[in-house]
Amino acid sequence: MNKNPLNHQLETAVKLRHCWCSEKPLPCSSRNSASMESLNTFTNPLNPPSPRRIPLKPFQIHHHHPKSTQRNLSSPISCKLKSSQKDTTKSSTKLISQKILLSENMPPPLAEEEDGVEAEKPLENDKNGAMGMWLKRLPRRVLSVLSNLPLAIGEMATVAALMALGTIIDQGEAPDFYFQRYPEDNPALGFFTWRWVLTLGFDHMYSSPIFLGTLVLLGTSLMACTYTTQIPLVKVARRWNFLQSSEAIRKQEFSERLSRASVQDLGIILMGSGYEVFLKGPSLYAFKGLAGRFAPIGVHLAMLLIMAGGTLSATGSFKGSVTVPQGLNFVIGDVLGPTGFLSNPSEEFNTEVHVNRFYMDYYDSGEVSQFHTDLSLFDLGGKEVMRKTISVNDPLRYGGFTIYQTDWSFSALQVLKDSEGPFNLPMAPLQINGDKKLFGTFLPVSDTDASSVKGISMLARDLQSIVLYDQDGKFAGVRRPNSKLPIDIGGTKIVIVDAIGSTGLNLKTDPGVPIVYAGFGALMLTTCISYLSHTQMEQQWLSEERQTEQKANFLRR
């Protein structure tokens, strides 16, 4: 059997320096010139020997240690260790696996341990190794489960179902509302009662633990899919792939042979078509539409932004509503209430709001078309910091909170009675069928201490006209506010001075709105980018001799 020259040189070196690991070194006379030449050649076996003799360094024999990170030229041998002590029970010679290392550093000291400890070490290492391998594989298993497509589809379906349920169930109402709406004696669908609503938090669906937990799970699945699938695809697409054989090119999905084309000409044509072209010797690689590979990652990130913004809006916002008569004030902090555990008030909550004026616009038919409120904002020092007239779909924004115009009401009616006054008569809402509003008030004209008080009734559907009835409930007439036209009812002269309305305002702070808008913008952009297809092209130029050789090889097959 032929020996490896490198192993033969190692064996020669070992015999010369310390033959068979004996306590007595071999006599120097045994080192002949041939061995010296072989040893000198061993110092650099990969290069041809130079005529200059290289001084030798002493060899060192080290025990093989599994944790050693030193990389040296080595070769395993077997040798016999002779001991001066005589042991009658055990053999005095043992075959021990050694390793010869060519190194200038001193070997590490050998740890002396008892036999029992040495016997237990491999077991402990095996246990630790098995545990380490299990811990390393655990994240991969978790990622593979989370990136499962059916799981992600189920999570999105659950989120959609919970959102639909939150639309059906009235949100933010008092418990009595749900007691009456979903009673236990007549459950919806045969089982759904108010206990389901209040126990599972469906009265505030979008901040309930079930909804937020599902969103977190869906976001985790999106991140796992991005890490395990989309990012590796991008890395592969960015890799320049120079195919080195025509067979590899023919195995592609689309391939064609151009006998008269050159790599340079094809590169120019591809560059004119928008390709990025790279040349390496006789091979060409070109691609375009790489942005399309990044689009799925952008879509996932946009969805994460939308969910994060929605979660922040549900758990870190303030909401409130108030109906304020014209001419009165209110403080922002007295109206707003927290919606979740992340809600944190700011200094702007001390801002005071004054309702300067409230008025409405009407259609030709007399129906209300729009209502407006003139608002002024004052800081703690009483300084006006902002003034704006708001309307429906035109809110006021200041200091992180927003004031919306949402409703209106009839607060009071100013009248003159026999040239006395004016008197402010409060207007009360009256319940009627339908969604029409009706307000009414009463002006006594007899002794109020009598058992039966008689007076004039006034009704209004809006702020532009008042209908009056006499003491017997008969129609007396219609007057407009500020018309200064008196009307005589049973000897009492009445003048409608003004109709004071109340503005219905909704106040809200929503820190998640900018994040949601950014997410939807990114989603639209990345969706458009995803339509860009990623195209790759490889070409290899072959000389006539190489083409003839490949044809011959193909025919031999």
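Sequential numbering from 1 along the given sequence is applied to the chain's residues. Every heavy atom of this structure was used, including side-chain atoms; hydrogens, water molecules and symmetry mates were not.
- Across all non-hydrogen atoms, the minimal contact from Ile210 to Thr214 is O-OG1, 2.8 Å.
- Between Leu146 and Leu217, some side-chain heavy-atom pair lies under the 4.5 Å cut-off.
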Residues 388-398 side chain polar contacts: donor-acceptor under 3.5 Å, at least two apart:
| unit_1 | atom_1 | unit_2 | atom_2 | d |
| --- | --- | --- | --- | --- |
| Lys388 | NZ | Asp394 | OD1 | 3.3 |
| Lys388 | NZ | Pro395 | O | 2.7 |

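- A ring-ring contact (aromatic ring centres under 6.0 Å, His included) check over residues 142-190, counting only residues at least two apart or in different chains, returns the pairs Phe179-Trp194, Tyr182-Phe192.
- When side chains are defined from C-beta on, Tyr362 counts as touching Leu463, because their heavy atoms get closer than 4.5 Å.
- Counted within 6.0 Å of CZ on Phe475, heavy atoms from surrounding residues, nucleotides or ligands total more than 12; the atom is thus considered enclosed.
- The two atoms that bring Ser465 and Asp462 nearest to each other are N-OD1, 3.6 Å, heavy atoms only.
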Go through Phe378 and Ser376 one step at a time and tell me if the side chain to side chain contact (heavy atoms under 4.5 Å, CB included) criterion holds. CA-CA 7 Å; Phe378 299 90; Ser376 293; 3.7 Å; yes

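- Counted within 6.0 Å of CD on Glu384, heavy atoms from surrounding residues, nucleotides or ligands total more than 12; the atom is thus considered enclosed.
- In terms of heavy atoms, Leu425 sits closest to Phe442 at CD2-O, 4.4 Å.
- Across Thr526 and Ala522, no two heavy atoms sit closer than the pair OG1-O, 2.7 Å.
- Atom CD in Glu155 sits 9.5 Å away from atom CG in Asn148 (nearest 0.5 Å).
- Nearest approach of Ile487 to Ala476, heavy atoms of both residues: CD1-O, 3.5 Å.
- Among residue pairs with one or both ends in residues 319-357, those qualifying as ring-ring contact (aromatic ring centres under 6.0 Å, His included) are Phe318-Phe349; sequence neighbours excluded.
- Using a 4.5 Å heavy-atom threshold, the side chains of Thr492 and Lys417 count as touching.
- Judged by distance alone, with hydrogens and angles left aside, the side-chain atoms of Gln326 form a donor-acceptor pair with the main-chain N or O of Phe358 at under 3.5 Å.
- Between Met205 and Leu162 the shortest side-chain heavy-atom distance falls below 4.5 Å.
- Within the 4.5 Å cutoff, side-chain heavy atoms of Phe520 are placed close to those of Ile306.
- Between the side chains of Thr193 and Glu184, no donor-acceptor pair is found at a separation under 3.5 Å.
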Pairs under 3.5 angstrom only: tabulate donor-acceptor contacts from the side chains of residues 406-415 to other protein residues two or more places apart or in another chain.
| unit_1 | atom_1 | unit_2 | atom_2 | d |
| --- | --- | --- | --- | --- |
| Thr406 | OG1 | Gly504 | O | 3.2 |
| Asp407 | OD1 | Lys437 | NZ | 2.7 |
| Gln414 | NE2 | Asn424 | OD1 | 3.2 |

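- The CG atom of Leu507 lies 8.5 Å from the OG atom of Ser321; values are rounded to the nearest 0.5 Å.
- Using a 4.5 Å heavy-atom threshold, the side chains of Ile332 and Ile403 count as touching.
- The closest donor-acceptor contact from the side chain of Ser369 to the backbone of Asp361 lies under 3.5 Å.
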Can you check side chain to side chain contact (heavy atoms under 4.5 Å, CB included) on Thr373 and Val355, steps first, answer last? CA-CA 7 Å; Thr373 304; Val355 180; 3.8 Å; yes

Walk me through it: do Leu416 and Ile494 pass the test side chain to side chain contact (heavy atoms under 4.5 Å, CB included)? CA-CA 6 Å; Leu416 295 174; Ile494 302 296; over 6 Å; no

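- Taking SG of Cys528 as the start and CE of Met524 as the end, the distance is 8.5 Å to the nearest 0.5 Å.
- In this structure, CG on Leu459 lies 9.5 Å from OG1 on Thr441, to the nearest 0.5 angstrom.
- Put simply, the side chain of Arg479 never gets that close to the backbone of Ile496: no donor and acceptor are under 3.5 Å apart.
- No option in Leu218, Leu222, Val216 other than Val216 meets the side chain to side chain contact (heavy atoms under 4.5 Å, CB included) test with Thr220.
- A donor-acceptor contact closer than 3.5 angstrom links the side chains of Glu348 and Ser346.
- Without hydrogens or angle criteria, Ser343 side chain to Gly340 main chain gives a donor-acceptor distance under 3.5 Å.
- Counting heavy-atom neighbours within 6.0 Å of Tyr227 OH, excluding the residue itself, gives a total of 12 or less.
- Residues Ser313 and Val513 come closest through the heavy atom pair OG-N, 3.9 Å.
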Please test Arg387 against Asn356 for side chain to side chain contact (heavy atoms under 4.5 Å, CB included), starting from the C-alpha separation and ending with a verdict. CA-CA 10 Å; Arg387 181 169 181 173; Asn356 300 312; 3.3 Å; yes

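- Remark: side-chain polar atoms of Gln230 are not paired, donor with acceptor, to backbone N or O of Thr228 under 3.5 angstrom.
- Between the side chain of Thr339 and the backbone N or O of Ser317, at least one donor-acceptor pair lies under 3.5 Å.
- Side-chain atoms of Asp472 never come within 3.5 Å of backbone atoms of Lys474 as a donor-acceptor pair (strictly under, hydrogens ignored).
- In this structure, His300 NE2 and Ile231 CD1 are separated by 11.0 Å, a value rounded to the nearest 0.5 Å.
- Looking only at side-chain heavy atoms (C-beta outward), Asp203 and Leu198 come within less than 4.5 Å of each other.
- Residue pairs meeting the salt bridge (charged side-chain N to carboxylate O under 4.0 Å, His left out) criterion with at least one member in residues 484-498, sequence neighbours excluded, do not occur.
- Between the CG atom of Leu377 and the CD atom of Glu352 there is a distance of 9.5 Å, given to the nearest 0.5 Å.
- Considering only heavy atoms from C-beta on, Ile466 stays 4.5 Å or farther from Val478 through its side chain.
- Under the salt bridge (charged side-chain N to carboxylate O under 4.0 Å, His left out) criterion, the residue pairs touching residues 506-528 are Lys508-Asp510, with sequence neighbours excluded.
- Judged by distance alone, the side chain of Trp196 and the main-chain N or O of Gly201 form no donor-acceptor pair under 3.5 Å.
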